[in-house]
Amino acid sequence: MRVRIIAGEFGGRFIQTPPGSTTHPMGERVRSAMFNSLGETVRGARVLDAFAGTGNLGLEAWSRGAEQIVYFDKSRESLKLVRANVEKARAGEAVTLIHTDAVNGLAMMEQQGKQFDVIFSDPPYDKGLNQKVVEALEKWPVLKPGGLLVLEHSLGEDPGSYLPEGTEFRQEKYGDTKISLIVWKS
């Protein structure tokens, strides 16, 4: 599968993807629509990609003007691939790669006093991982109030069942994928 950065400074360039099916980069159509919905939100932002995979979400944000990107992934192979893509994009100074799962990474960011403007959570579907990210964010305030949490998930997942009461969010459907855009209030 060939994946390209859609817009911004790095727009049109292709990034590497792994062979096989363990990582599923967000499709170009879905990523384009999602970033169009985000508009200028990523410009100058500190962005966290909680499930790095190929690095395409963080690099798309960087290409569109994000100031800093932090990637988490528990797979050393994924991080190796992300590092290669970051080097190809010459985004190295703006990027931090951390070998950890999302929940432990969020705890680590809280201990370091880090906060983010945008957090992407694009885990393997239907494993309860988005819910774990939300629960961790309630415990460790690393997403700024008013910051944006972007969840990618299957059609069957209902973030309303695990988001804090009263949280408003917007969903967009693309084939068998949903994107939930949540303005963080806690």
Side-chain angles (χ1 to χ4, degrees), residues 1-15 17 23-72 82 85 89 91 94-95 102 106 115-126 129-134 136-138 142-186:
M1 168 187 241
R2 289 181 52 121
V3 174
R4 73 180 176 102
I5 302 302
I6 301 162
E9 184 178 333
F10 192 57
R13 296 188 189 165
F14 287 91
I15 63 172
T17 59
T23 300
H24 63 91
M26 182 183 287
E28 188 172 310
R29 184 176 72 93
V30 175
R31 199 164 13 97
S32 177
M34 180 186 75
F35 274 93
N36 287 340
S37 292
L38 296 177
E40 292 293 310
T41 304
V42 298
R43 185 166 302 287
R46 291 178 43 92
V47 175
L48 170 65
D49 188 343
F51 297 87
T54 63
N56 69 337
L57 292 179
L59 284 173
E60 187 73 46
W62 173 78
S63 183
R64 293 170 185 248
E67 183 178 308
Q68 183 178 21
I69 311 297
V70 174
Y71 288 106
F72 297 158
V82 172
N85 285 330
V95 173
L106 291 169
Q115 283 200 312
F116 298 91
D117 303 295
V118 178
I119 295 179
F120 294 111
S121 181
D122 176 18
Y125 289 176
D126 302 321
L129 296 172
N130 278 326
Q131 181 172 352
K132 288 180 180 182
V133 166
V134 168
L137 288 172
E138 288 181 279
V142 299
L143 181 57
K144 291 179 180 175
L148 191 63
L149 176 60
V150 181
L151 306 178
E152 181 183 352
H153 52 89
S154 69
L155 299 179
E157 184 175 335
D158 176 19
S161 68
Y162 54 77
L163 285 169
E165 190 172 324
T167 301
E168 294 181 24
F169 65 100
R170 185 176 89 226
Q171 287 189 324
E172 298 172 4
K173 180 182 172 225
Y174 307 96
D176 62 353
T177 297
K178 275 190 182 175
I179 303 292
S180 293
L181 304 166
I182 300 133
V183 177
W184 200 249
K185 292 186 178 178
S186 61

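- For the residue pair E157 / Y162, a side-chain donor-acceptor distance below 3.5 Å is found, with atom types taken as modelled.
- L181 has its side chain out of reach of L149: every pair of non-hydrogen atoms, C-beta onward, lies at least 4.5 Å apart.
- Between the CG atom in L57 and the CG atom in D49 there is a gap of 5.0 Å [rounded to 0.5 Å].
- The distance from the CG atom of D158 to the CG atom of L163 is 8.5 Å, given to the nearest 0.5 Å.
- Taking all atoms of both residues into account, the shortest heavy-atom contact from M34 to Y174 is N-OH, 4.3 Å.
- Residues L151 and F120 have side chains not in contact (no heavy-atom distance under 4.5 Å, counting atoms from C-beta outward).
- Within the model, atoms CD1 of I182 and CD of Q171 stand 8.0 Å from one another, a figure rounded to the nearest 0.5 Å.
- With values rounded to the nearest 0.5 angstrom, N56 atom CG is found 12.0 Å from S63 atom OG.
- Looking at heavy atoms from C-beta onward, S180 lies in side-chain contact with H153 at the 4.5 angstrom threshold.
- Residues W62 and A89 come closest through the heavy atom pair CH2-O, 3.2 Å.
- Pairing each heavy atom of P124 with each of L129, the nearest pair is CD-CD1, 3.8 Å.
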Begin from the C-alpha positions of R31 and E60 and carry the test side-chain contact (heavy atoms from CB on, under 4.5 Å) through to its verdict. CA-CA 9 Å; R31 199 164 13 97; E60 187 73 46; 2.9 Å; yes

Could you go through the ring pair (Phe, Tyr, Trp, His ring centres under 6.0 Å) check for Y71 and F116 one step at a time? CA-CA 12 Å; Y71 288 106; F116 298 91; over 10 Å; no

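- Of the residues listed (V133, V134, V150), the one engaging S121 in a side chain to side chain contact (heavy atoms under 4.5 Å, CB included) is V133, and it is the only one.
- R46 has no carboxylate O lying under 4.0 Å from a charged side-chain N of E67, or vice versa, which leaves the two without a salt bridge.
- Proximity of V42 to F35: side-chain heavy atoms (C-beta onward) are separated by under 4.5 Å at one or more points.
- Taking the side chain as every heavy atom from C-beta outward, Q68 and V47 never approach each other to under 4.5 Å.
- Counting heavy atoms from C-beta outward, P145 and K185 have side chains that stay 4.5 Å or more apart.
- In plain terms, the two heavy atoms of A91 and L59 that are nearest each other are CB-CD2, 4.1 Å.
- The two residues A136 and L106 come nearest to each other via the heavy atoms CB-CD1, 3.6 Å.
- Summarising the geometry, atom CD1 belonging to I119 is positioned 5.0 Å from atom CG belonging to L48; distances are rounded to the nearest 0.5 Å.
- The two residues A50 and A102 have their closest heavy-atom pair at O-CB, 3.8 Å.
- Looking only at atom types and distance, the side chain of E172 has a donor-acceptor partner in the side chain of S37 under 3.5 Å away.
- Between the side chain of N85 and the main chain of T54, a donor-acceptor pair closer than 3.5 Å is present.
- Taken to the nearest 0.5 Å, the NZ atom of K144 stands 6.5 Å off from the CD atom of Q115.
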